**Student:** 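Pasting a structure here, questions to come.
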Amino acid sequence: MFDKLFKVAGIFSEALRDAVLFLRFNSYSPWVDKSRRAFYKIIIEAHTIEKGLSLPNPKLMFGKDKIRFVMSALSRYDIQHSPVPAHMSLGALEAYVNFHARAGASDPLLDEISRYLKAWEAKLPKPWKGGTRDYSFNGQPPSNLQHLMASRSSIRTLQSEPLKPELIFEAISLAQLAPSQCNRQSSRVHAYQDPSRIQELLALQGGSRGFAESVGNLFVVSSEICAWGGPGQRNQAYVDGALFAMCLMFACRSMGWGACPLNLAINHKTEAAIRRAGGIPAGERLIMMIAFGEPIAPETRVAFSPRRPAAEIVTLHA
């Protein structure tokens, strides 16, 4: 009895420490290095440009406010911290200009972007590692693990036709090979093919504008809370659930489908609304949504977000 009470008290204590840690080091904290905060903010906003360009039918001159923010923030950014945000932003801006040139569009902002890119060429020569790239579904599954990982990308050009349930179960069975702590297997998958329910769920998630209407198959990945106990396991549902979700996306790729992860960085009110709309039990924490399905065409365009060099993220402890 006392052991259980001690664990319950520990959960409150650890939750308080979590809150303090997040307040100290989150992206709004004045105690975090400015270059580090700017690194992530620029990447986030530059990626919205890439995502817009990877939609089935991008709107002309979309995201003007995002464009201006990226140019302004990048001008103040210390490239010595890492060149990745500059590569990503400049590549995205160049792709934006090229897209509008192909469409025959004209706007003063496009001229402003072109001048901005020209000025940056002396500081960071081309080619810039960002923007969009061509992506091909050649009808053949990935030949090995390296190919599987290298060929996965977020696909937003999906057919709306529901996939056969037996194929969906096959993909989920592959994802079940994901590791889980002590083999708990707490991950759960809720699959939806009803158009009205999918649209309701996507509206609550809020990150699929521009391609939501083409989503005919949707996963919501969750994790059962009752698999975990005690303060030390308070975050493990997210760890195991994320491992499962990644394997599920690789499974979709191996089946020849396109898939796009949709984050659930939401508050409790929205999470409860999603559970109600999706018929998901209250005892499950939501991990992410995944839109998936057959690609619209063998050839499409996807966001080409550069990855940080390994040396930037590795601390080799001798």
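Model, not experiment: these values are computed from the prediction. FYI, side chains are in, hydrogens and waters are out, and symmetry mates aren't considered; it's all heavy atoms of this structure.
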**Student:** Under a 4.5 Å cut-off applied to non-hydrogen side-chain atoms, are V215 and S208 in contact?
**Tutor:** no
**Student:** Could you give the distance from CG (L93) to CD (E50), rounded to the nearest 0.5 Å?
**Tutor:** 10.0 Å
**Student:** Using only heavy-atom distances, determine whether the side chains of Q185 and S180 contain a donor-acceptor pair under 3.5 Å.
**Tutor:** no
**Student:** Using the test ring-ring contact (aromatic ring centres under 6.0 Å, His included), find all partners of Y96 that sit at least two apart in sequence or belong to another chain.
**Tutor:** F62, H100
**Student:** Kindly indicate, with the supporting measurements, whether the criterion side chain to side chain contact (heavy atoms under 4.5 Å, CB included) is fulfilled by R37 and S35.
**Tutor:** CA-CA 5 Å; R37 283 186 289 159; S35 293; over 6 Å; no
**Student:** Hey, mind stepping through L90 and L74 against side chain to side chain contact (heavy atoms under 4.5 Å, CB included) and telling me if it holds?
**Tutor:** CA-CA 9 Å; L90 298 172; L74 186 58; 4.0 Å; yes
**Student:** Any salt bridge linking D240 with R184? Criterion: basic side-chain nitrogen under 4.0 Å from a carboxylate oxygen.
**Tutor:**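 Looking at R184 together with D240, the answer is no, because their closest N to O distance does not fall below 4.0 Å.
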**Student:** Specify the closest pair of heavy atoms between R133 and S153, including all atoms of both residues, with the distance to one decimal.
**Tutor:** NH2-CB, 3.7 Å
**Student:** Calculate, to the nearest 0.5 Å, the distance between atoms NZ and CD belonging to K66 and E45 respectively.
**Tutor:** 3.5 Å
**Student:** Mark yes or no for whether Q205, through its side chain, and G207, through its backbone, hold a donor-acceptor pair below 3.5 Å.
**Tutor:** yes
**Student:** Under a 3.5 Å cutoff, is there a donor and acceptor pairing between the side chains of R301 and S54?
**Tutor:** no
**Student:** Going from SG on C182 to CD on Q236, what distance comes out if it is rounded to the nearest 0.5 angstrom?
**Tutor:** 9.0 Å
**Student:** So R253 and L148, side chain to side chain contact (heavy atoms under 4.5 Å, CB included) or not? Walk me through it.
**Tutor:** CA-CA 7 Å; R253 177 68 187 92; L148 174 67; 3.7 Å; yes
**Student:** List in chain and number order the residues that pass ring-ring contact (aromatic ring centres under 6.0 Å, His included) with Y135, two or more places apart in sequence or in another chain; answer none if no residue qualifies.
**Tutor:** F137
**Student:** Can you check side-chain hydrogen bond (donor to acceptor under 3.5 Å, both in side chains) on E213 and S160, steps first, answer last?
**Tutor:** CA-CA 8 Å; E213 66 281 352; S160 59; over 6 Å; no
**Student:** Tell me, yes or no, whether the heavy-atom count around N57 atom CG, taken from other residues, nucleotides or ligands under 6.0 Å, exceeds 12.
**Tutor:**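 Atom CG in N57 is not crowded, with 12 or fewer foreign heavy atoms closer than 6.0 Å.
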**Student:** Show me, pair by pair, the donor-acceptor contacts under 3.5 angstrom made by side chains of residues 221-232, not counting sequence neighbours?
**Tutor:**
| unit_1 | atom_1 | unit_2 | atom_2 | d |
| --- | --- | --- | --- | --- |
| S222 | OG | E284 | OE1 | 2.5 |
| S223 | OG | S186 | OG | 2.7 |
| E224 | OE1 | R188 | NH2 | 3.1 |
| W228 | NE1 | E224 | O | 3.4 |

**Student:** Can you tell me if CG on D65 sees more than 12 non-hydrogen neighbours from other groups inside 6.0 Å?
**Tutor:** no
**Student:** Shortest non-hydrogen contact from P127 to H87?
**Tutor:** O-CE1, 3.7 Å
**Student:** If only atom types and distance count, is the side chain of Y116 paired as donor or acceptor with the main-chain N or O of M71 below 3.5 Å?
**Tutor:** yes
**Student:** Got a second to check how far L124's CG is from I79's CD1, nearest 0.5 Å?
**Tutor:** 4.5 Å
**Student:** For C252 and A259, work out which heavy atoms get closest and say how close.
**Tutor:** CB-CB, 4.0 Å
**Student:** Please answer: with hydrophobic residues joined when any side-chain heavy atoms are less than 4.5 Å apart, are Y40 and V70 in the same cluster?
**Tutor:**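 In one cluster with Y40: V70, yes.
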**Student:** Does a donor on one side chain sit under 3.5 Å from an acceptor on the other, for N267 and T270?
**Tutor:**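 Yes, side-chain donor-acceptor contact under 3.5 Å.
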**Student:** Any heavy-atom pair between the side chains of V239 and Q181 that's under 4.5 Å?
**Tutor:** no
**Student:** When clusters are formed by joining ILVMFWY residues with side-chain heavy atoms under 4.5 Å apart, either directly or through shared neighbours, do V97 and L109 land in the same one?
**Tutor:** yes
**Student:** Calculate, to the nearest 0.5 Å, the distance between atoms CD1 and CG belonging to I11 and L16 respectively.
**Tutor:**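 If we round to the nearest 0.5 Å, I11:CD1 and L16:CG are 14.0 Å apart.
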**Student:** To check you understand the geometry: which heavy-atom pair defines the closest contact between G278 and L201, and what is its length?
**Tutor:**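 Result for this residue pair: N-CD2, 3.9 Å.
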**Student:** The test is side chain to side chain contact (heavy atoms under 4.5 Å, CB included); show your working for I168 and F219 and say whether it passes.
**Tutor:** CA-CA 10 Å; I168 293 176; F219 288 134; 3.7 Å; yes
**Student:** How close do Q193 and L163 get, heavy atom to heavy atom, and via which atoms?
**Tutor:**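 Here Q193 and L163 meet closest at NE2-O, 2.8 Å.
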**Student:** Report yes if some heavy atom in the side chain of P309 is under 4.5 Å from a heavy atom in the side chain of E312; otherwise report no.
**Tutor:**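 When only atoms from C-beta onward are counted, E312 and P309 do touch, with a gap below 4.5 Å.
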**Student:** Just checking, is any N or O donor in the side chain of R68 or S72 under 3.5 Å from an acceptor N or O on the other one?
**Tutor:** no
**Student:** What do you reckon, is CD of E166 surrounded by more than 12 foreign heavy atoms closer than 6.0 Å?
**Tutor:** yes
**Student:** Please give me the minimum heavy-atom distance between N217 and G293, naming the atom from each residue.
**Tutor:** ND2-CA, 4.0 Å
**Student:** Do the side-chain N and O atoms of T157 and T300 include a donor-acceptor pair separated by under 3.5 angstrom?
**Tutor:**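 Short answer, yes.
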**Student:** Determine whether I290 and L262 make a side-chain contact, defined as any pair of heavy atoms from C-beta on separated by less than 4.5 Å.
**Tutor:** no
**Student:** Once rounded to the nearest 0.5 Å, what's the spacing between atom CD1 of I44 and atom CZ of F39?
**Tutor:**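 Reported value, rounded in 0.5 Å steps: 10.0 Å.
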**Student:** Would one find more than 12 heavy atoms of other residues, nucleotides or ligands at under 6.0 Å from atom NZ of K123?
**Tutor:**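 Yes, the 6.0 Å shell around NZ holds more than 12 heavy atoms from other groups.
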**Student:** Does atom CZ (R209) have a neighbourhood of more than 12 heavy atoms from anything else shown, all under 6.0 Å?
**Tutor:** no
**Student:** Are M246 and I287 connected into the same hydrophobic cluster when the rule is that any two of I, L, V, M, F, W, Y join if their side-chain heavy atoms are below 4.5 Å apart?
**Tutor:** yes
**Student:** Would Y77 and S89 count as a side-chain hydrogen bond (donor to acceptor under 3.5 Å, both in side chains) here? Give the steps.
**Tutor:** CA-CA 12 Å; Y77 175 71; S89 299; over 6 Å; no
**Student:** Are W257 and F244 joined in one hydrophobic group, where the rule is that I, L, V, M, F, W and Y side chains link up if heavy atoms are under 4.5 Å apart?
**Tutor:** yes
**Student:** Are any of the side-chain nitrogens in K34 or D78 under 4.0 Å away from the carboxylate oxygens of its partner?
**Tutor:**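 Salt bridge: no.
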**Student:** Are the side chains of K129 and V84 in contact, using a 4.5 Å heavy-atom criterion?
**Tutor:** no
**Student:** Should I296 and I155 be counted in the same cluster of Ile, Leu, Val, Met, Phe, Trp and Tyr side chains packed under 4.5 Å apart?
**Tutor:**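 Cluster IDs for I296 and I155 differ.
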**Student:** Between L110 and M61, is there a side-chain heavy-atom distance shorter than 4.5 Å?
**Tutor:** yes
**Student:** Using a 3.5 Å distance criterion without hydrogens, assess whether the side chain of S13 forms a donor-acceptor pair with backbone atoms of G10.
**Tutor:** no
**Student:** So do the side chains of F292 and M249 get within less than 4.5 Å of each other, counting heavy atoms only?
**Tutor:** no
**Student:** Side chains of M88 and H47: closer than 4.5 Å at any heavy-atom pair?
**Tutor:**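 They are in contact (side-chain heavy atoms under 4.5 Å apart), so the answer is yes.
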